[in-house]
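Below: the structure, in structure tokens.
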Amino acid sequence: MKIMYVNLGTGVCGGVRIICEHLNRLTERGHQCYMGVLSGEPVLDWMPINFPIIGANQIDAKAKDMDILVATEANTAEPVAKMQTAAKKFYFIQMRESLFFVNGDPLWAGRVEANYKRLKGVLSPIVISWWLKDFLEEIYGYEDVPIVPNGLNEKMFYPDPAYPKGGLKRVLIEGHTHGEAKDIRGMAKAVVDAYRKQVHAVEVWGFSQLQPQGDFAFDAFSLLPSQDDVRRMYSSCDVLVKSSRFEGRSCIDVECMACGTAVVRAIDKGDDDLIHGYNCLKVGYDVEHPQKFKENVNKMFNHLVAILAEDRLRQGLVTNGLYYVKHNLRWPLFIDRLETIYDGGTPPPLPRTEHILEDEVED
């Protein structure tokens, strides 16, 4: 098949990474794949790719020759819908995208939501998680929306503790609070700060694609680190402390698991791969009910205390996380599902969580 995914840009983010994984792996299976970029230079240099990237001035002409066209975000949905081509058209949805705009730009948020209604029957959706499937089916009346989960690239993420630790435990905080969809109240930083003040000193590392807001004191912070350095930071920390209201699916968490790092997590939606007490310690993230939010902050704090105090607990979560990633997040199986969808078929059903039992864990 000839397949083109249409992106707005090629900046460093989890969504672009997953699109590259699709295109790389489809190319390896003999498909002729392209990434079309509507904005900016058609260059992607932050992760390995084996497919060509074309600029905005070439996309319409190339679309006429495609078998499959895939919109990848709100800004690309309408352009793909309007392209004059016999190709089958899909909308690869990695997030309820209006959540990025609700507070700062409600008009744009409404327009994004309108895409799901206006383009129904024009673009066939593919989602990465159960909550996105439920959202489209329950709110917009879509039927049998297929899920293609995110796999984990074992060649990119594996234990690689390149930065030796001193006498303090090392905590990692990833991401930013610039959007309503994410850690709007700075829950991760608040919990880590409370731990430093009430329990014990820790070394706090952070990284993001944006500068951190506020005056939180990181011991080390990296802006837009290389993918190799991301792996090394994951591997060199004792625990990831991450909180967000919504994720399409929890990429950072499973990357940390693959690198042998424990995970303490607060999340509302997008926790398909996060199994509390098995591969992470998890609480909710409810900003609508202040008392509930306060309770979850306290629970997350207690989880951090426990995981840093109890080596056996932390190592158990690490062992289970490594096992879970290896046995449940295999890209070849998910690319099988993708090929089935693009061929016009229906992939087999998935369970709500790819859950494996504790007694199946290897010694």
Side-chain angles (χ1 to χ4, degrees), residues 14 17 128-129 149-154 156-161 163 165 169-176 182-183 186-192 194-195 202-208 230-285 296-329 353-356 358 361:
R17 180 203 299 284
I128 63 172
S129 57
N150 299 335
L152 195 287
N153 189 329
E154 294 179 342
M156 189 172 292
F157 298 106
Y158 53 85
D160 182 16
Y163 305 118
K165 292 190 287 291
K169 292 287 197 299
R170 184 177 292 156
V171 175
L172 177 66
I173 296 176
E174 182 278 334
H176 56 83
K182 299 295 184 177
D183 187 10
M187 187 170 172
K189 292 178 182 177
V191 165
V192 172
Y195 182 93
V202 287
E203 189 177 337
V204 185
W205 285 20
F207 76 89
S208 180
V230 167
R231 176 185 67 250
R232 292 166 187 149
M233 283 190 285
Y234 287 156
S235 303
S236 302
C237 291
D238 294 288
V239 58
L240 169 74
V241 178
K242 183 170 176 60
S243 50
S244 52
R245 300 174 70 194
F246 303 98
E247 299 284 350
R249 198 171 181 120
S250 48
C251 286
I252 300 298
D253 311 272
V254 296
E255 290 168 6
C256 276
M257 291 177 197
C259 294
T261 304
V263 175
V264 172
R265 193 59 157 97
I267 189 169
D268 185 7
K269 299 288 189 180
D271 61 344
D272 301 62
D273 298 306
L274 303 178
I275 306 168
H276 175 66
Y278 180 76
N279 62 13
C280 69
L281 297 181
K282 182 175 64 174
V283 302
Y285 196 117
N296 284 330
V297 171
N298 290 335
K299 288 179 182 178
M300 193 180 194
F301 173 81
N302 291 334
H303 289 335
L304 182 59
V305 171
I307 209 169
L308 290 179
E310 302 173 28
D311 289 341
R312 184 175 179 181
L313 168 63
R314 186 171 65 256
Q315 190 54 51
L317 294 173
V318 167
T319 300
N320 294 349
L322 286 165
Y323 185 92
Y324 180 85
V325 168
K326 179 179 179 181
H327 291 272
N328 292 276
L329 303 182
T353 296
E354 292 287 337
H355 186 49
I356 40 89
E358 293 188 31
V361 178

Please name the pair of heavy atoms, one in [X] and one in [Y], separated by the smallest distance, quoted to 0.1 Å.
X      : Y      : value
Asp272 : Tyr324 : O-OH, 4.1 Å
Met257 : Leu274 : CE-CD2, 3.8 Å
Leu152 : Ala258 : CD1-CB, 3.6 Å
Leu322 : Pro159 : CD2-CG, 4.4 Å
Ala188 : Val241 : CB-O, 3.7 Å
Ser235 : Cys259 : OG-CB, 3.3 Å

Could you tell me whether the side chain of [X] and the main chain of [Y] form a donor-acceptor pair under 3.5 Å?
X      : Y      : value
Ser243 : Asp183 : no
Asn279 : Asp273 : yes
Arg170 : Ser236 : yes
Asn296 : Val283 : no
Thr261 : Tyr234 : yes
Ser250 : Asp271 : no

Taking the side chain as C-beta and beyond, is there a heavy-atom pair between [X] and [Y] under 4.5 Å?
X      : Y      : result
Lys189 : Ile173 : yes
Met300 : Met187 : yes
Leu240 : Asp253 : yes
Glu174 : Glu255 : no
Val297 : Val191 : yes

With side chain to side chain contact (heavy atoms under 4.5 Å, CB included) as the test, would you mind laying out the steps for Ile267 and Tyr285 before giving the verdict?
CA-CA 5 Å; Ile267 189 169; Tyr285 196 117; 5.6 Å; no
From [X] atom [atom1] to [Y] atom [atom2], the distance as rounded to the nearest 0.5 Å:
X      : Y      : atom1 : atom2 : result
Ile307 : Gln315 : CD1   : CD    : 10.5 Å
Lys242 : Glu247 : NZ    : CD    : 5.0 Å
Leu313 : Leu308 : CG    : CG    : 10.0 Å
Tyr278 : Thr319 : OH    : OG1   : 9.0 Å
Leu304 : Lys169 : CG    : NZ    : 11.0 Å

Short N-O contact, Arg231 and Asp160, less than 4.0 angstrom
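Here Arg231 pairs with Asp160 in a salt bridge, since their nearest N and O are under 4.0 Å apart.
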Residues Phe157, Val325; criterion side chain to side chain contact (heavy atoms under 4.5 Å, CB included); working and verdict
CA-CA 10 Å; Phe157 298 106; Val325 168; over 6 Å; no
Given Ser244, which partner from the list Lys182, Arg265, Lys269 fulfils the side-chain hydrogen bond (donor to acceptor under 3.5 Å, both in side chains) test?
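Of all the options given, the one that passes is Arg265.
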